[in-house]
There are 2 protein chains.
Amino acid sequence: MYELFYKKITELITISETEFNFCKTLFLPKKLRKKQYLLQEGDVCKYNTFVSKGLLRSFTIDNRGTEHILQFAFEGWWIGDIYSFLTEKPSLFNIEALEECELLLISKPSMDLLLEKVPAFERYFRILIQNNLIATQRRLMGTLSETAEEKYTNLVNNFPGCLQRVPQHMIASYLGITRETLSRIRSQMAARK
Amino acid sequence: MYELFYKKITELITISETEFNFCKTLFLPKKLRKKQYLLQEGDVCKYNTFVSKGLLRSFTIDNRGTEHILQFAFEGWWIGDIYSFLTEKPSLFNIEALEECELLLISKPSMDLLLEKVPAFERYFRILIQNNLIATQRRLMGTLSETAEEKYTNLVNNFPGCLQRVPQHMIASYLGITRETLSRIRSQMAARK
DNA sequence: AAATTACATTGATCTATGTCAACAAAATTA
DNA sequence: TAATTTTGTTGACATAGATCAATGTAATTT
């Protein structure tokens, strides 16, 4: 349960065994079956979540009823609604398990305590958020400049593993295109090569 | 030059006068005239920049020659290419002054020194990046779910000041639509009300 | 003040992608 | 294993927004 967790943390910061043991006490282990929700739109996101095992997605539903996926979270990633978590306001996002999951949850008070007692985590979370911001900026620029096919091929290149574990219509939703369009793009690409 | 800078910092963290004086020594003041560039695509972004006065934009040019604006930066905001700044790899972005500007620049080594000597800045930058991430996530979701008109009205509501200082075709570029489309949307809206 | 450049508008037409609908194949569940 | 649900494909058609082009006007520069 904690091996990957320890590995990911120590990739970015140095902490003592004592500090890590203290850290562990602040997290709540939780298992989720496929299709279960970790967060529902309208609820406050009480926890920031580390994925030890499995796969989840966060998504919104717009006023036309269409789903839009913000993020997939595989093992070793974090997921949550950062806005709702920090402000304690209702979330616009749903978070759903796409596979059976093993998770580590940390509440806001525990997070504050962790940052206070082990300041190295200040740095850890800054780096995580930095990387997330860089990725989100890229995705935004891609959304504005690329065709549907370019978006798909970029995803395939940058994220090959995704296709094996995520249903196609969710890939389409992540890319901001319809499943029909993605299906056609794939068959065109297959025909060409 | 430093009043707004001091104000913005102390809105988020508490630092002593000594610490602020030390901090000031790490920043390089710079003035830019309208249309001058702070960063050009292909160059490494050597500085993270606080805007004391004026207005800038960061943008990319895609392979079709179309500009896409990532950010406008008004007084009190930061601008730079976070990816290039952190990795020292060539930037994909241009940063251009839209008005005459007064800026405070900090290099990577100085930033590292600042974070080391005044750890409260670790928290300051984490919060900045957090807020930037939240805003970028929102913008991304909006890009995927909203019509051109919705994007425009949301911008007008959340950011009324923008329209007075930024030319319309750049607003269009920021929203990911053409200037012609924005012009038509505006005339439709004016006709309706 | 004249010349040039940047910015905005409007019309005609085009196109990438969406929508709707029918169908089939997998995968889950009963 | 039958029934249901989820997922993916394909065709016909619709449409939001892009593109191209012409024109006017405001703002800079000379």
Side-chain angles (χ1 to χ4, degrees), chain A residues 33-37 55 57 59 61-69 72 94 96-100 142-156 162-192, chain B residues 33-37 55 57 59 61-69 72 94 96-100 142-156 162-192:
Chain A
R33 304 208 135 265
K34 199 171 167 171
K35 297 201 184 176
Q36 280 190 309
Y37 278 63
L55 167 60
R57 64 167 179 153
F59 65 101
I61 301 175
D62 68 26
N63 38 37
R64 288 153 203 99
T66 310
E67 287 180 2
H68 301 278
I69 296 180
F72 295 113
N94 301 277
E96 182 197 13
L98 299 183
E99 299 176 356
E100 196 169 322
T143 296
L144 297 179
S145 64
E146 292 158 9
T147 63
E149 178 168 340
E150 286 167 338
K151 285 172 202 170
Y152 179 67
T153 52
N154 286 339
L155 183 73
V156 171
C162 210
L163 305 188
Q164 271 64 61
R165 292 170 69 182
V166 178
Q168 246 179 70
H169 71 277
M170 288 189 193
I171 302 275
S173 162
Y174 179 83
L175 296 176
I177 62 183
T178 60
R179 55 156 167 270
E180 292 94 334
T181 296
L182 181 55
S183 175
R184 280 185 256 262
I185 283 169
R186 281 168 48 89
S187 77
Q188 282 163 33
M189 287 172 61
R192 273 208 302 272
Chain B
R33 303 209 135 263
K34 199 172 167 171
K35 296 200 185 177
Q36 282 190 308
Y37 278 63
L55 168 60
R57 64 167 179 154
F59 65 101
I61 301 175
D62 69 24
N63 38 37
R64 288 154 202 97
T66 310
E67 287 180 3
H68 301 279
I69 296 179
F72 296 112
N94 301 275
E96 183 197 12
L98 299 183
E99 299 175 357
E100 196 168 323
T143 296
L144 296 179
S145 64
E146 293 158 8
T147 64
E149 178 169 340
E150 286 167 339
K151 285 172 201 168
Y152 179 67
T153 51
N154 287 339
L155 183 73
V156 172
C162 210
L163 303 188
Q164 271 63 62
R165 291 170 69 180
V166 178
Q168 246 179 70
H169 71 277
M170 288 190 192
I171 302 274
S173 161
Y174 179 83
L175 296 176
I177 62 182
T178 59
R179 56 159 167 266
E180 292 94 334
T181 296
L182 180 55
S183 175
R184 280 184 255 263
I185 283 169
R186 281 167 48 90
S187 76
Q188 281 164 34
M189 288 172 60
R192 271 209 303 270

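Here is how names work: the chains are called A, B, and so on, in the same order as the sequence lines, proteins then strands, and each is numbered from 1.
Heavy-atom minimum distance, S183(B) versus Q168(B): CA-OE1, 4.4 Å. The shortest heavy-atom contact between L144(A) and G176(B) is CD2-CA, 3.8 Å. Of all heavy-atom pairs spanning M189(A) and Y152(A), the tightest one is SD-CD2, 3.8 Å. The two residues K151(B) and T143(B) come nearest to each other via the heavy atoms NZ-O, 3.5 Å.
When rounded to the nearest whole Å, the span between CG of L175(B) and C1' of dG17(D) equals 13 Å. Atom C1' of nucleotide dA18(D) and atom NZ of K151(B) are separated by 13 Å, given to the nearest angstrom. One interatomic measurement links the two molecules: CD1 of I177(A) to C1' of dG17(D), which rounds to 17 Å at whole-angstrom precision.
Between its two ends, the helix from dA1(C)-dT30(D) to dA30(C)-dT1(D) turns its axis by 60°, counting five pairs per end and rounding to 10 degrees.
For the pair T66(B) and T181(A), nearest-nucleotide mapping onto DNA chain D gives the more 5' position to T181(A).
For T153(B) (side chain) and E149(B) (main-chain N/O), a donor-acceptor pair under 3.5 Å exists by modelled atom type.
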Grab the N/O contacts between the protein and nucleotides 20-25 of chain D below 3.5 Å, and write none if there aren't any.
residue	atom	partner	partner atom	Å
dC20(D)	N4	E180(B)	OE2	3.3

If you restrict it to nitrogen or oxygen atoms, what contacts under 3.5 Å exist between nucleotides 3-8 of chain D and the protein, and what is each distance?
residue	atom	partner	partner atom	Å
dT7(D)	OP2	H169(A)	NE2	3.2
dG8(D)	OP1	Q168(A)	N	2.8
dG8(D)	OP2	Q168(A)	N	2.9
dG8(D)	OP2	H169(A)	N	2.8
dG8(D)	OP2	H169(A)	ND1	3.3

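With a 4.5 Å cut-off on side-chain heavy atoms, R33(B) and E100(B) count as touching. Taking 4.5 Å as the limit, every side-chain heavy atom of F72(B) sits out of range of all side-chain heavy atoms of R165(B). A 4.5 Å side-chain heavy-atom check between C162(B) and I171(B) finds at least one atom pair inside the cut-off.
From L175(B), atom CG reaches atom OG1 of T181(B) across 11.0 Å, with rounding to the nearest 0.5 Å. For the atom pair OG1 (T178(A)) and NE2 (H169(A)), the distance works out to 12.5 Å, reported to the nearest 0.5 Å.
Residues meeting the side-chain hydrogen bond (donor to acceptor under 3.5 Å, both in side chains) test with R57(A), sequence neighbours left out: E67(A), E96(A). For E150(A), the salt bridge (charged side-chain N to carboxylate O under 4.0 Å, His left out) partners are R64(B), not counting sequence neighbours.
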Exercise. Please walk me through it: do Y174(B) and L155(B) pass side-chain contact (heavy atoms from CB on, under 4.5 Å)?
Worked result: CA-CA 10 Å; Y174(B) 179 83; L155(B) 183 73; 3.9 Å; yes

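Scanning DNA chain C 5' to 3' for nucleotides with an atom closer than 4.0 angstrom to a non-hydrogen atom of chain A gives a first and last hit of dT17(C) to dT28(C).
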